[in-house]
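Everything on this sheet refers to the single structure shown next.
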Amino acid sequence: MSPLKINKLNHMKVKTVLIKNAKIVNEGRIFEGDILIEGEFIKEVADSISAKTADVMVVDVEGNYVFPGVIDDQVHFREPGLTHKATIASESKAAVAGGITSFIEMPNTSPQTTTIEKLEEKFEIAANTSYANYSFMFGGTNTNLDEILKVDSKNVAGLKLFLGSSTGDMLVDNTDVLEKIFESTDLLISVHCEDEATIKQNLEAHIQKYGNDIPIECHPEIRSAEACYISSSKAIELANKTGARLHIFHVSTAKETKLFTNKIPLKEKKITAEVCIHHLWFSDEDYKKKGTLIKWNPAVKTVDDREALWKALLDDRIDVVATDHAPHTLEEKQNVYTNAPSGGPLVQHALTAMIEAYHKDKISLEKIAEKMCHNPAILFQIEKRGFIKPGYYADLAIVDINSPWTVNKDNIVYKCGWSPFENVTFKSRITHTFVNGTLVYKNFKTLDVKAGKRLTFER
C-alpha cells in the first residue's frame with residue numbers, strides 16, 4: 001500500500017490530531033467516521049469532523065480500520081537482569097509496531113518483582129524508556145505474604161502466582177501459604193496453572209527414556225493437559241472458597257474451558273480466563289517443523305484443544321486474548337529439550353495474527369477488539385483506555401486490512417531477532433499507532449518518541 005496522507009506538521013509538537021475517513025471498530029460495531037484528538041485524549045468521534053485551525057495534524061486513513069490500542073495483559077520484557085534477551089524499551093517498541101499500546105509485565109525478572117522496592121524500580125525504568133503504556137504484576141512467593149499485603153491495588157495491575165514452575169524460580173507450592181494469600185489480598189490474582197508434581201513425574205519418565213535430548217513432540221505429554229486441569233481446577237476451588245478475584249492466564253486445553261462461564265457479564269465475573277495467540281495458532285502438529293521455537297509453558301497441545309479454545313473464546317467463556325510474550329535468544333532456544341527455555345516473542349504480530357483469523361472466517365473484527373482491547377480494560381479496571389470514545393486516552397491502531405507482507409528477519413523488531421511467525425505471509429498490517437495522542441509508529445517505522453504512561457486503575 002502507499003503511505004497514508006499526513007499533512008506536513010511536526011508530529012512531536014502537534015496538540016490536535018484529526019483522523020479522517022476511518023472504519024472505526026468499537027463496542028461491537030464498525031462505522032465510518034472521524035476521530036478528533038486533543039492532547040492525550042479523544043475529543044470527538046463523529047461521521048465527519050472538520051479541522052478548525054491550520055495547526056491540526058490531519059491523518060487521512062483512506063477507509064482503513066481504526067482499533068482501540070490493544071492492551072496485552074501478560075508480557076515478559078526481561079528487564080532488569082535478563083536484558084540480553086529483551087528490554088522494556090526494545091519490546092515496547094515492538095509492541096507499538098503491532099498495535100499494542102498498553103502492557104502488563106510479569107514479575108519473574110532478575111531480581112524478581114517481589115518487594116515494593118523492586119516494583120518501583122521497574123516503574124522507573126518504564127517511565128524513562130517505554131514506547132507504550134505500562135503496569136506490572138507484583139510477584140507472590142512462599143515467603144513474601146507480608147510484602148503482598150503492603151501493595152496498593154490502585155498502583156499495580158495485580159498479583160501473579162506461578163502454581164507451576166516456569167522461567168525463574170517463583171513456584172508457590174505451599175498450600176497453606178497459597179490459601180492465606182487468596183483470603184488475605186484484595187489484589188486481582190493472576191495465575192500460571194500447571195501441577196508441578198505431575199510435570200516432574202512426566203519429565204523424569206521421559207528423561208529415563210530419552211536422556212536430556214527429549215523429542216520436542218513430547219513437550220505436551222510432559223506438561224500435559226491433565227497437569228493444567230488439576231492446577232486450574234484447584235485454583236478455582238480456592239477462589240470460590242475464599243472469594244478471591246482470580247484470573248487464569250494462558251488456558252491451553254479443552255478440558256479447562258469447561259471450568260469457566262459465559263452466564264454473567266464480564267464486570268460481574270469473579271473468575272476469568274485468558275487465551276494466548278500461540279495456543280490459538282499452533283498445534284502439536286507444528287512441533288516437527290518449528291521445534292523448540294514453539295516450546296511454551298503451558299505447552300501447545302492438540303488440534304482438538306485449539307478448536308475448543310476458539311469455541312470458548314467466541315462464546316465468552318474465555319474473556320481475553322494476550323501474548324505471554326517471552327523472548328529468549330535463538331541460541332538459547334536451540335538447546336536440547338531440557339536446556340531450551342520456554343517462551344517466544346509475539347507482541348509485534350499478535351493483532352495481525354488475530355486479523356488473519358478474521359480473514360479465515362474464524363472471528364469478527366468486532367470480537368477481536370472486544371477480546372484484545374475492551375475486555376482487558378474492563379477486567380483490570382484500567383482507567384480511560386480500551387475504547388474509542390470521547391474522554392478516553394487516544395490509544396489507537398490503524399490497520400490496512402489488505403496489505404500482504406511476509407515476516408522475516410529484516411522486519412522483526414524484537415531484540416532477540418526471531419519470531420515463530422517467520423516466513424508467514426499475513427494479509428493485514430498495522431500502519432500507524434498512537435499512544436496518548438502521540439504518533440509513535442508511522443508507515444511501518446517506530447518513531448523515536450516514548451509516549452507511554454503508567455496505567456491507572458478505577459478501584
Side-chain angles (χ1 to χ4, degrees), residues 71-76 103-108 112-116 118-119 135-166 168 170-196 228-252 256 259-261 264 266-276 297-298 317-320 322 324 375-382 455 457-459:
I71 301 171
D72 192 343
D73 80 350
Q74 187 189 182
V75 304
H76 303 262
F103 64 83
I104 297 171
E105 209 261 353
M106 298 298 108
N108 54 331
Q112 298 163 351
T113 318
T114 54
T115 67
I116 302 291
K118 296 306 176 189
L119 175 68
S135 191
F136 298 96
M137 286 283 181
F138 191 79
T141 71
N142 284 326
T143 59
N144 77 333
L145 178 59
D146 288 345
E147 200 74 6
I148 290 170
L149 297 180
K150 295 177 189 174
V151 178
D152 185 345
S153 64
K154 292 183 178 180
N155 288 339
V156 298
L159 177 69
K160 172 69 180 287
L161 301 178
F162 288 89
L163 307 189
S165 61
S166 192
M170 290 188 64
L171 177 66
V172 181
D173 58 357
N174 184 314
T175 54
D176 292 337
V177 169
L178 191 60
E179 183 163 347
K180 190 69 175 173
I181 292 172
F182 268 64
E183 68 185 16
S184 301
T185 183
D186 61 351
L187 294 168
L188 182 151
I189 301 171
S190 293
V191 287
H192 174 128
C193 286
E194 291 182 283
D195 182 64
E196 189 67 12
C228 294
Y229 182 80
I230 289 169
S231 186
S232 294
S233 57
K234 282 182 180 177
I236 289 171
E237 183 181 348
L238 192 54
N240 285 327
K241 178 181 178 181
T242 61
R245 172 68 181 86
L246 178 67
H247 182 53
I248 296 188
F249 277 152
H250 43 47
V251 174
S252 63
E256 285 174 289
L259 295 169
F260 306 102
T261 185
I264 54 176
L266 177 57
K267 283 183 181 179
E268 297 174 19
K269 286 187 180 183
K270 292 277 284 184
I271 296 168
T272 51
E274 169 208 278
V275 67
C276 289
N297 298 339
R317 284 174 290 151
I318 292 178
D319 305 290
V320 166
D324 193 15
N375 283 6
I378 294 168
L379 194 154
F380 286 91
Q381 299 169 292
I382 300 170
L455 296 177
F457 304 93
E458 297 180 292
R459 295 172 177 161

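Keep in mind that what you see is a predicted model, and the values were worked out from it rather than measured.
Not one N or O on the side chain of Lys267 forms a donor-acceptor pair closer than 3.5 Å with the backbone of Ile378. At least one donor-acceptor pair under 3.5 Å links the side chain of Asn144 to the backbone N or O of Gly139. Between the Lys160 side chain and the Asn108 main chain, no donor and acceptor come within less than 3.5 Å of each other. With Asp72 contributing its side chain and Ala322 its backbone, the two residues share no donor-acceptor pair below 3.5 Å.
Once rounded to the nearest 0.5 Å, the distance linking CE of Met106 with CZ of Phe136 reads 10.0 Å. Atom CD1 in Ile248 sits 4.5 Å away from atom OG in Ser232 (nearest 0.5 Å). Between atom CZ of residue Arg245 and atom CG of residue Leu188 there is a gap of 4.5 Å, rounded to the nearest 0.5 Å. We find the CD1-CG distance between Ile181 and Leu187 to be 10.5 Å, quoted to the nearest 0.5 Å. Interatomic distance, CD1 of Ile148 versus CD1 of Ile116, reported as 10.0 Å (0.5 Å rounding). If you take CD on Glu105 and CG on Asp73, they are separated by 12.5 Å, rounding to the nearest 0.5 Å.
Taking the six-membered ring wherever Trp is involved, the centroid distance between the rings of Phe249 and His192 does not fall below 6.0 Å.
Of all the heavy atoms in Asn142 and Leu171, the pair that sits closest is ND2-O, 3.6 Å. Counting all heavy atoms, side chain and backbone alike, Met137 lies closest to Leu159 at SD-N, 3.7 Å. Nearest heavy atom pair, residue Leu149 against residue Ser184, reads CD2-O, 3.6 Å. Nearest heavy atoms, Cys228 versus Ser252: SG-OG, 3.6 Å. In terms of heavy-atom proximity, Glu274 sits nearest to Cys276 at OE2-SG, 3.2 Å. Contact record, Phe457 with Phe380: CD2-O, 3.2 Å, taken as the closest heavy-atom pair.
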Q: Please report the C-alpha distance between His247 and Ser190 in whole Å, then the side-chain angles of each, then the deciding distance to 0.1 Å, and finally whether the side-chain hydrogen bond (donor to acceptor under 3.5 Å, both in side chains) criterion is met.
A: CA-CA 5 Å; His247 182 53; Ser190 293; 5.0 Å; no

Q: Check step by step if side-chain contact (heavy atoms from CB on, under 4.5 Å) holds for Asn240 and Ile271.
A: CA-CA 9 Å; Asn240 285 327; Ile271 296 168; 3.4 Å; yes

Q) Between Glu196 and Asp173, is a side-chain contact (heavy atoms from CB on, under 4.5 Å) present by the stated rule, with each step listed? A) CA-CA 8 Å; Glu196 189 67 12; Asp173 58 357; 5.8 Å; no

**Q.** Verdict with supporting geometry, Leu246 and Ile236, side-chain contact (heavy atoms from CB on, under 4.5 Å)
**A.** CA-CA 7 Å; Leu246 178 67; Ile236 289 171; 4.0 Å; yes

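Residue pairs satisfying the salt bridge (Lys or Arg N to Asp or Glu O under 4.0 Å) criterion with at least one member in residues 228-239, sequence neighbours excluded, are absent. Applying the side-chain hydrogen bond (donor to acceptor under 3.5 Å, both in side chains) test to every pair with at least one member in residues 146-158, sequence neighbours left out, gives these pairs: Glu147-Lys150.
Among the candidates Val320, Ile71, Ile318, the single residue satisfying the side-chain contact (heavy atoms from CB on, under 4.5 Å) test with Asn375 is Val320.
Contact of the Leu145 side chain with the Val177 side chain is not registered, since no non-hydrogen atoms from C-beta on lie closer than 4.5 Å.
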